[in-house]
Amino acid sequence: MEPRTRRWILISGALVTTTIVGVAGVLLWSGDRTVVANEQTKTTQSARQVASSFVTRAFSGDAAVAAALTDAPPAATQMLAATKVGMGSSAYRAQLSATETPADATSTELAASVTWTMPNSSLLKYDIKIPLKQVDGSWKVHWTPALIHPQLTEGASLVYRKALAEGALLGRDGNPVVQGSIPEGLYTAITGAAGDVQGTDGWEVGIAAGTAFTALDGRKPEPGQKITVTIDPARQRAAQSAVDALPQGAAIVAIEASTSEILAVAQNKALSGTNPFVGRYAPGSTLKIVTAAAAMNAGLVQANAPVACPATATIGTRRISNAGFGHASLPFHTAFALSCNTTFGELGAKLAPSALPDMAKRFGVGADWTIAGADTNTGKVPPAGGDQQVENSFGQGNVVASPFGMALVAATVASGRQPTPTLMRGKPPVANDVAAAPPAAVLQPLRAMMREVVTAGTAKQLAGIPGLAGKTGTAEAGGGTEHGWFVGYQGNVAFAVFVENAGSSQSALNTTATFLKG
């Protein structure tokens, strides 16, 4: 007989005892398996070595390699692969007990301690039993899902997953607010004010079987905030499209009158160096809304009272003129609809110095709020008397307003309530310097007067838009240029349209039509 030679060979971390009989025996290697190339070659592995190989390979790579060490490779392959996917980048380690198997045994069971180190560095520890039996003279692991986890059953898998914290910055339509969905500056301000709304994610590890999930360990998420931005996506798109069509700088601010929620804030690229919340311009004849309210509140005039509207008039030291028209007498509501400067100059001269600024603040101009998500400046109507107040009464002089401030004026007329401008629900504005809304006795006739502006006055080109009420404005801007305005409301939507250096209110009227029809 040829001499016997015993060799110890390390195969992927497992010791294999190989007995070679005769010199003709040849070993060929194929992956992790030993292929017998001569009938005289006999390869044996102990039960412990097979168990060690199984747990070493179970989740380290190809599940089929570990499954080949079992008595049910197809079932083992499927469940091992599913758990590897389910546990993601978690690291698996199993340590066998020191139990030895008797030399004459045909079946045995070894114990092992399992540790999963999950992606968040948390540990899942448990013990398993590894049953083995002799199959055709070789040890095989007897397959059972409990080899993965004691509670695992056929068709299930071990899964690690994040438990997502609930919290999001949402649009008015319920969809997440993402960059590009609203103006960039506004997006930056809102996300800065919102802070981290997401909260802190938790985690869970457990057994997944179909749609069922049984948690084994984990940490609950810490919920964040759900904050709704009040911008209406459809109206925002319509406003942006309307101002983008203009070559001059332009802006639109729209507000839901009943809630004072800001629906749209749009400006085009030509309006540089400012934004619709803070840019302050002479409001022109749109301020006649405030002057009319102040005059009626002071008892100087009523809506149906006859007033003079001369083509030109000298009031104090100021020479005031209309836009090429005059009337000896007409009702005050008609003078408002036609935007008669001389009528309003005369009324302004009779008002107390504080009457106009006080009434302006009741409409929101000159009022101040701290609004989450936006820095704002509504404008200013300074106390004045004499010649200065004459000019202020029709929106010239030293009166200034932002498109945001004039949108609040329209919202106050429509709602009859003190505005509380809001950009983020759940974060109401802080009132710093505000006043109560104008009295209903003033607002009721004012609504009819603003409607007449559209049906028979300076905005009659918009008469086909149902329910629209408003006021036009042309404001001298210096250097021979004039800004154009239209301030109004349709139903529950109040708005201000501003066009820089437009020369008249015509561009603002055209832009209003585009915005509302859009």
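Quick caveat, the model's predicted, so the values are computed rather than measured.
A salt bridge is defined here as a Lys NZ or Arg NE, NH1 or NH2 lying under 4.0 Å from an Asp or Glu carboxylate O, and Glu256 with Arg172 meets this definition. Note on Asp244 versus Lys269: no salt bridge recorded, every NZ/NE/NH1/NH2 to OD/OE distance being 4.0 Å or above. A salt bridge links Arg425 with Glu261: at least one charged nitrogen is closer than 4.0 Å to a carboxylate oxygen.
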Pair Arg57-Asp62, salt bridge (Lys or Arg N to Asp or Glu O under 4.0 Å): steps then yes or no: CA-CA 8 Å; Arg57 293 165 170 76; Asp62 188 352; over 6 Å; no

side-chain contact (heavy atoms from CB on, under 4.5 Å) assessment of Trp139 paired with Thr108: CA-CA 10 Å; Trp139 286 104; Thr108 190; 4.1 Å; yes

Trace of the side-chain contact (heavy atoms from CB on, under 4.5 Å) decision for Ser53 with Leu69: CA-CA 8 Å; Ser53 295; Leu69 298 171; 3.6 Å; yes

Stepwise side-chain contact (heavy atoms from CB on, under 4.5 Å) check, Ile231 with Leu186: CA-CA 10 Å; Ile231 297 295; Leu186 188 58; 4.2 Å; yes

Test side-chain contact (heavy atoms from CB on, under 4.5 Å) applied to Trp485 and Thr472, step by step: CA-CA 6 Å; Trp485 289 87; Thr472 56; over 6 Å; no

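In plain terms, the two heavy atoms of Ala239 and Ala264 that are nearest each other are CB-CB, 4.1 Å. Across every non-hydrogen atom of Glu500 and Ala270, the tightest pair is OE1-O, 4.2 Å. Heavy-atom minimum distance, Ile289 versus Phe363: CG2-CE2, 4.3 Å. Taking all atoms of both residues into account, the shortest heavy-atom contact from Ile227 to Ala194 is CD1-CB, 4.3 Å. Counting all heavy atoms, side chain and backbone alike, Ala63 lies closest to Ala81 at CB-N, 3.9 Å. For the pair Ala513 and Ile465, the tightest heavy-atom approach, listed with the atom from each and the gap, is CA-CD1, 4.2 Å.
Inter-residue side-chain proximity for Ile190 and Val177 is flagged as unmet; no heavy-atom pair is nearer than 4.5 Å. When side chains are defined from C-beta on, Pro145 does not count as touching Thr153, because their heavy atoms never get closer than 4.5 Å. Looking at Gln236 and Pro183, their side chains come closer than 4.5 Å, going by heavy atoms from C-beta outward. A 4.5 Å side-chain heavy-atom check between Val409 and Val365 finds at least one atom pair inside the cut-off. Contact of the Ile262 side chain with the Val229 side chain is not registered, since no non-hydrogen atoms from C-beta on lie closer than 4.5 Å. The closest side-chain heavy-atom distance from Pro439 to Arg362 is below 4.5 Å. Gln490 is listed as a side-chain neighbour of Pro466, based on a closest heavy-atom distance under 4.5 Å. Put simply, the side chain of Met118 reaches to within 4.5 Å of the side chain of Met87, judged on heavy atoms.
Between Trp143 and Phe54, the ring-plane angle classifies as perpendicular under the 30° and 60° cut-offs.
Asn268 and Gln240 are not linked by any side-chain donor-acceptor pair at a separation below 3.5 angstrom, with hydrogens and angles left out of the test. With no hydrogens or angles considered, a side-chain donor-acceptor pair links Asp127 and Ser113 at under 3.5 Å. Donor-acceptor pairing under 3.5 Å is recorded for the side chains of Asn120 and Ser122.
The main-chain N or O of Ala66 is never found under 3.5 Å from a side-chain atom of Thr70 such that the two would form a donor-acceptor pair. In this structure, the side chain of Lys427 does not engage the main chain of Gly373 through any donor-acceptor pair within 3.5 Å. Of the possible donor and acceptor atoms, none in the side chain of Ser241 sits under 3.5 Å from a partner among the backbone N and O of Ala238. At distances below 3.5 Å, at least one donor-acceptor pair connects side-chain atoms of Thr378 with backbone N or O atoms of Gly364. No side-chain donor-acceptor contact under 3.5 Å links Thr144 to the backbone of Leu147. In this structure, Asn492 contributes its side chain and Ser258 its backbone to a donor-acceptor pair below 3.5 Å. For Ser402 (side chain) and Arg280 (main-chain N/O), no donor-acceptor pair under 3.5 Å exists by modelled atom type. When atom types are taken as modelled, the side chain of Ser138 and the backbone of Gln45 share no donor-acceptor pair closer than 3.5 angstrom. Although no hydrogens or angles enter the test, the distance criterion places a donor-acceptor pair under 3.5 Å between the side chain of Gln418 and the main chain of Ala435. Checked by atom type and distance alone, the side chain of Thr412 pairs as donor or acceptor with a backbone atom of Leu408 at under 3.5 Å.
Within a 6.0 Å radius of CZ in Arg451, more than 12 heavy atoms belonging to other residues, nucleotides or ligands are found. Other residues, nucleotides and ligands contribute at most 12 non-hydrogen atoms within 6.0 Å of the CD atom of Gln444. The number of heavy-atom neighbours closer than 6.0 Å to CZ of Arg93, taken from other residues, nucleotides and ligands shown, is 12 or below. No more than 12 heavy atoms of other residues, nucleotides or ligands lie within 6.0 Å of CD in Gln78, so this atom counts as exposed by the packing criterion. Counted within 6.0 Å of CG on Asp433, heavy atoms from surrounding residues, nucleotides or ligands total more than 12; the atom is thus considered enclosed. Other residues, nucleotides and ligands contribute only 12 or fewer heavy atoms inside 6.0 Å of the CD atom of Gln95.
Because its NZ or CZ atom is both nearer than 6.0 Å to the ring centre of Phe213 and within 45° of the ring axis, Arg161 counts as a cation-pi partner of that residue.
Once rounded to the nearest 0.5 Å, the distance linking CG of Leu110 with OG1 of Thr101 reads 5.0 Å. Note that OG of Ser260 is 8.0 Å distant from CZ of Arg417, once rounded to the nearest 0.5 Å. For the atom pair Leu216 CG and Ile207 CD1, the distance stands at 5.0 Å (nearest 0.5 Å). Atom CD1 of residue Ile255 and atom OG of residue Ser415 lie 10.0 Å apart, to the nearest 0.5 angstrom. Between the CG atom of Asp71 and the NZ atom of Lys133 there is a distance of 4.5 Å, given to the nearest 0.5 Å. For the atom pair OG1 of Thr376 and CH2 of Trp369, the computed distance is 8.0 Å after rounding to the nearest 0.5 Å.
Tyr281 and Phe498 have their aromatic ring centers within a separation under 6.0 angstrom.
Just one of Leu271, Leu246, Leu509 meets the side-chain contact (heavy atoms from CB on, under 4.5 Å) condition when paired with Val499; it is Leu246. For the pairing with Tyr92, the ring-ring contact (aromatic ring centres under 6.0 Å, His included) check across Tyr160, Tyr126, Trp116 returns one residue only, Trp116.
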